[in-house]
Number of protein chains: 2
Amino acid sequence: MTGLIGEFSCKLDGKGRLSLPSKLRAQWPESALHTLVVNRGFEKCLVLYTKEDWLAEMEKLNAVDDFMSPEIRRFKRIFTNGANLMSIDSAQRILIPKKLLEYAGLGTDVVLSANGRKVEIWDEKLYDSELNVDSNELSQLAQHFHQQRKPSGE
Amino acid sequence: MTGLIGEFSCKLDGKGRLSLPSKLRAQWPESALHTLVVNRGFEKCLVLYTKEDWLAEMEKLNAVDDFMSPEIRRFKRIFTNGANLMSIDSAQRILIPKKLLEYAGLGTDVVLSANGRKVEIWDEKLYDSELNVDSNELSQLAQHFHQQRKPSGE
DNA sequence: GAAAATGTGGGTAATTGTGGGGATTTGTGA
DNA sequence: TCACAAATCCCCACAATTACCCACATTTTC
């Protein structure tokens, strides 16, 4: 449940429908497929969860009361963002809302990238350039990661 | 019941009527649709609840005694004041009172954003700018959230 | 290589969204 | 109390979107 794996190339048809690869579907329980949640990602991509996993994410947010401060409300809003419920049709596809298609700049060719409990949906070209690094940059990123990791480890 | 999900683009017609998207309606029991409550939001937006959920919000307020202070009384008054009971018409629309339209600056294009037990109603432009953050600001917000969360964890 | 399962595309019917006419109710001022 | 204007409600009509269905290409499995 917490270890989705896989990278898949798929096509979006003219109606904005995306068929979920069977190898991805197989990693979720049958029942979950009728209540999936898509949302904007922080980068120019979308994120796909089961409803259950999405609500679990939301739990964290709802632990803090709205009355608290404007910043809290804004933060929650930004996170909750464009979440949309959807279910797969008889051909194992989901219909992605227009607004989200635009947000992520999705064309015909897209890539699904599973990781943890979420699946990122990228336009293929953007995905390729996102993953395109030279070794210098990679080692810089690793260093940054290491520094950020320390404080919370204490 | 506690997990409304969805972001919807809708139009307000010239009469101030807003049709509720079917995917939102489907998340409430049929019976609730005839007793919805709209109110001013803390930001420049409106908030929509079922009557049941609204009453639950009121509970929070009533937990604090009126004797406490003038500010308490004023807050309660203002918060309670804007609340309007409404029901959907045969075309699945609600009629939003003029005063509230003005308060939230609602034009033709609005966005409904569901989260938890409430639905926020925003003018589309305001909504877009509310959600538009750069990464610096976002990390500040996240930090703020993190700090607020701690106390309740103890 | 054949059969099964999956991916892709599109047509059509049903549902939903949007707008507006006009009757009824409510509020206001003479 | 009446007349008038404004707001609200109840209809209907059309446009847009979505759900459902089928066909066929492609890939996988045996």
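Here is the naming used below: chain letters follow the sequence lines, and residue numbers restart at 1 for every chain.
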Strand contacts (DNA chain D) in residues 30-37 of chain B, 4.0 angstrom heavy-atom criterion: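 DNA chain D contact set from residues 30-37 of chain B: none.
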Pair listing, ring-ring contact (aromatic ring centres under 6.0 Å, His included) test, anchored in residues 94-117 of chain A, at least two apart: none
Mind checking who shares a hydrophobic cluster with [X], ILVMFWY linked at side-chain heavy-atom distances under 4.5 Å?
| X | result |
| --- | --- |
| Phe145(A) | none |
| Val37(B) | Phe67(A), Phe42(B), Val47(B), Tyr49(B), Trp54(B), Leu55(B), Met58(B), Leu61(B), Phe75(B), Phe79(B), Leu85(B) |
| Val64(B) | Met68(B), Ile72(B) |

Its contact letters, B for base, S for sugar-phosphate only and - for none at protein heavy atoms under 4.0 Å, make nucleotides 12-23 of chain C read B---SSBBBBB-
Does any pair with a residue in residues 78-92 of chain B pass salt bridge (Lys or Arg N to Asp or Glu O under 4.0 Å), and if so which ones, sequence neighbours excluded?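 Qualifying pairs: Asp89(B)-Arg93(B).
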Scan for salt bridge (Lys or Arg N to Asp or Glu O under 4.0 Å) pairs involving residues 55-70 of chain B, sequence neighbours excluded, and state none if there are none. Asp65(A)-Lys60(B), Glu57(B)-Lys60(B), Asp66(B)-Lys76(B)
Min and max contacting nt of DNA chain D in 5' to 3' order, chain B heavy atoms within under 4.0 angstrom, are dA7(D) to dC11(D)
Any side chain to side chain donor-acceptor pair (under 3.5 Å) pairs touching residues 6-26 of chain B, not counting sequence neighbours? Arg40(A)-Glu7(B), Glu7(B)-Tyr127(B), Lys11(B)-Asp109(B), Asp13(B)-Arg17(B)
Mark yes when over 12 heavy atoms from residues, nucleotides or ligands other than Lys118(A) sit less than 6.0 Å from its NZ; otherwise mark no.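 Incorrect, the count does not exceed 12.
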Test of understanding: with side chain to side chain contact (heavy atoms under 4.5 Å, CB included), list the residues that count as partners of Thr50(A), not counting sequence neighbours. Trp28(A), Ala32(A), Leu36(A), Glu52(A), Asp53(A)
Test side chain to side chain contact (heavy atoms under 4.5 Å, CB included) applied to Asp134(B) - qualifying residues, sequence neighbours left out: Asn136(B), Glu137(B)
